[in-house]
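Only one structure is covered here, and it is reproduced in the block below.
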Amino acid sequence: MKSWKLAAVLAAAALATACGGKPGAVDGERIAAAAPGEWLSYGRTYDEQRFSPLDKVNTGNVAQLGLAWSYQFDTDRGQEATPIMADGVLYTTTAWSKVYAFDAKTGALKWAFDPKVAGEKAFDACCDVVNRGVALWKGRIYVGALDGRLIALDAATGEKVWEVQTTDTSRPYTITGAPRVIKDKVLIGNGGGEYGVRGYLSAYDAASGKLVWRFYTTPNPNGQPDNAASDKVMKEKGAATWFGQGWKESGGGGTVWDAMAYDPELDLLYAGVGNGSPWNHVKRSDGKGDNLFLSSILALKPDTGEYVWHYQTTPGETWDYTATQHIILADLTVAGAPRKVLMQAPKNGFFYVLDRANGELISAQPYVPITWAKGVDPATGRPIENPGVRYVDKPSLQVPAPFGAHNWHPMAFNPKEGLVYIPAQVVPFAYTPDHGYTYRPGAWNVGTDFLANALPTDKAVLAGLKAMIKGQLIAWDPVAQKARYTIDHPFFWNAGVLTTAGGLLFQGAAEGQFSAYDAASGKKLWSYETENGVIAAPMTYELDGEQYVAQMVGYGGAGALSAPFVLPDRPRLPGRLLVFKLGGKATIAPYPKPEKLDVDLTGVTSSGDAKRGFALFHQNCQVCHGPNATGTYLPDLRRSQMLTSAEAFKSVVIDGALAPRGMAGFSRFFDARGAEDLRAYLLTEARGAATAAVPPAKGGPPPKT
Ligand code: CA
């Protein structure tokens, strides 16, 4: 062995020993200053920039990227995870919170772990049974399961070390986000804001699974302290911003379901907080008050959960404008001065640059055209709302929609270009007050009338609505607060991004492509047909001198569930992990052609009331099966064999015959007669007559714009 090679091996062995000698022996110092070839946390490092210093794959040779290895998973639901890579092992998760470990060079499966989440838990997941990834710390892997468990696994074997239930299982909490680990504490939040939960962020001891602290983002409905880290600030700042009774039933929302970042120098943990529950501010808080800490960025001390500062992006939130979106920390020169900034492009459409030491607003500008506000007041940091946008008495068409101008899809910051790349979208939504709103435990509780979002019956209006909806990849200059360039996509709901020192920008897309662009200009340099939609963000790593680019493939999430009429008409296909390298020659079998589904409805009749079924459908079913049953992502109900038999239909819809596959029974919400009304309605859709047979929903279609 050549002496330099021996020295390198010895140095690597010494490093492994220093870190405990186990694979995945990652600690805070290693995450904060990750070696160029590593990807050690969800956003690569604590600053969550998703910028890789690797440049072996670059603008000059990216056209030679080919498949190095791949793996096909056993689930065809949405794949949102970013893999992480340490010590030659690549860890990822799939839908249903399953964990996989691969040899990062060969793709050989080392182990897999299935937490066996119950199928009916899918009912509680607003936005698909997805999972965005794991955390790695001192030889253990941490994953949040959809059913609210936080699970620690041995990184070498996948054996469970401990698990803890982080949520009240009597409420519709879920976990889809990736944990982060800071100073031996595993940070995990949860979701459920559309149904009715009270949001919080928890820190568990990485070694034992013991709860260290918890920070609630909304006041305790019973008016008492929680004996939690949030008690002091909730008493001093939070409680006085809430009014009425609505939030007390629903928990108020404010779930911490995705973004976190950490600045080791300031020793501050940043977390993004979700929307109100119900959405409608009038129903939640009598239309009064800012409702802290909904739609806010929180800065906390990671040791104790102690509050340091907050910035609320959308006071009195009423549009599902979460601030859970990706948080990036960076050092920028603003007006000639170096600033330690925090950047976020939350759902509300403004790109925020804050001073991350104290939460002071540096600047905010809209990154897509928006209608709800005309700007952010630089003096107060509050949005300047346009008149009539709060749908107090009548419907109000606004951009962005609850999908957000940007959702969970990770951005990336390239310090060489000084650009943040935003997977953005332009989507309108007819916010309509639900005057009959009453809280229904366990159901969707948003206080907006979804009947108004049935598809317009007028073909021209429908075409106009479709034309308004756009997907974009925006290269945003955060100092100048303007786009340098924008890449338009044929569909909305596209993938998260990666940028590298090789001058590259990678992104997948709904239509089934994974592409590399010149990060400086946006020129497309390489593309690979994935045959399946992509929503997850790619990552990159280096092993034995070769750079790899990894991408989880598999369409799903909120867009696929709720807006199928503007997305590719493609059946669900199994998720895949695709890993590329220069000159890669691996091949992958094409997806099998799906069987053509059809159902013979000759002579099939129903005793139900189709009009009542239309209303029931849009109140209970459309968030997963699409407006007017246009959904093809979950089984296309217009092509379901269940339509042919009242008994079979009832066994699924009321008795939960398919609960293990994710279709919970609805007996809590309506009875067998309701199920038959639904079947009657679906028969009209299946026969292509429903849009003519059913009058326009109250509130009417969105106006032409
Ligand atoms: Ca939400």
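Here the structure is a predicted model, which means the values were calculated and not measured. In what follows, residues are counted from 1 in the order of the sequence shown.
- You'll find the side chain of Tyr391 reaches within 4.5 Å of the side chain of Thr448, heavy atoms only.
- For the residue pair Asp286/Gln245, the side-chain donor-acceptor check at 3.5 Å is not satisfied.
- Annotation: ring-ring contact (aromatic ring centres under 6.0 Å, His included) contacts of Phe293 (sequence neighbours excluded): Tyr307, His310.
- Partners of Trp279 under the ring-ring contact (aromatic ring centres under 6.0 Å, His included) rule, at least two apart in sequence or in another chain, are Phe450.
- Remark: aromatic rings of Phe492 and Phe403 are close, center separation under 6.0 Å.
- Note on Glu417 versus Arg484: salt bridge recorded, some NZ/NE/NH1/NH2 to OD/OE distance being below 4.0 Å.
- Under the 30°/60° scheme for interplanar angles, the aromatic rings of Trp309 and Tyr270 are found to be tilted.
- Contact check for Ile370 versus Pro400: side-chain heavy atoms found under the 4.5 Å cut-off.
- Checked by atom type, the side-chain pair Asn291/Thr241 shows no donor-acceptor distance below 3.5 Å.
- The two atoms that bring Phe350 and Pro366 nearest to each other are CD2-N, 3.6 Å, heavy atoms only.
- In summary, the side chains of Thr45 and Asp47 do present a donor paired with an acceptor at a separation below 3.5 Å, with no hydrogens or angles considered.
- Taken to the nearest 0.5 Å, the CD atom of Gln551 stands 10.0 Å off from the OG atom of Ser515.
- Note: Tyr200 and Tyr173 meet the aromatic proximity criterion, with ring centroids under 6.0 Å apart.
- Using a cut-off of 4.0 Å between Lys/Arg side-chain N and Asp/Glu carboxylate O, Asp263 and Arg356 are scored as salt-bridged.
- Between Asp231 and Arg214 there is no salt bridge, since no side-chain nitrogen of the basic residue lies less than 4.0 Å from a carboxylate oxygen of the acidic one.
- Annotation: Trp319 is not in aromatic contact with Phe429 [ring centroid separation under 6.0 Å not met].
- Figure legend: cation-pi geometry between Arg50 and Tyr42, with NZ or CZ positioned under 6.0 Å from the six-membered ring centre and within 45° of its axis.
- Between Gln472 and Thr486, the side chains place no donor N or O within less than 3.5 Å of an acceptor N or O (distance only, hydrogens not considered).
- Contact check on Arg382 versus Asp290 returns a salt bridge, with a Lys/Arg side-chain nitrogen under 4.0 Å from an Asp/Glu carboxylate oxygen.
- Here His409 contributes atom NE2 and Glu80 contributes atom CD; the two are 6.5 Å apart, rounded to the nearest 0.5 Å.
- Separating the OG atom in Ser396 from the CZ atom in Arg390 is a distance of 10.5 Å, to the nearest 0.5 Å.
- Shortest non-hydrogen contact noted between Ala495 and Pro423 is O-CB, 3.4 Å.
- For the atom pair Lys347 NZ and Asn275 CG, the distance stands at 5.5 Å (nearest 0.5 Å).
- The side-chain heavy atoms of Ile327 and Met343, taken from C-beta on, include no pair separated by under 4.5 Å.
- Annotation: the span from Leu300 atom CG to Asp267 atom CG amounts to 11.0 Å, rounded to 0.5 Å.
- Leu292 contributes atom CG, which lies 12.5 Å from atom CD of Glu236 (distance to the nearest 0.5 angstrom).
- Aromatic ring centres of Tyr352 and Tyr311 lie closer together than 6.0 Å.
- By the ring-ring contact (aromatic ring centres under 6.0 Å, His included) test, Tyr46 is found to be paired with Tyr262, residues two or more places apart in sequence or in another chain being considered.
- Looking at heavy atoms from C-beta onward, Gln344 lies in side-chain contact with Thr313 at the 4.5 angstrom threshold.
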Steps toward side-chain contact (heavy atoms from CB on, under 4.5 Å) verdict (Ile328, Leu342)
CA-CA 6 Å; Ile328 291 178; Leu342 177 157; over 6 Å; no
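- With 3.5 Å as the limit, one finds a donor-acceptor pair spanning the side chains of Thr499 and Asn414.
- Salt-bridge formation is detected for the pair Glu360/Arg339: a Lys NZ or Arg NE/NH1/NH2 atom is positioned less than 4.0 Å from an Asp or Glu carboxylate oxygen.
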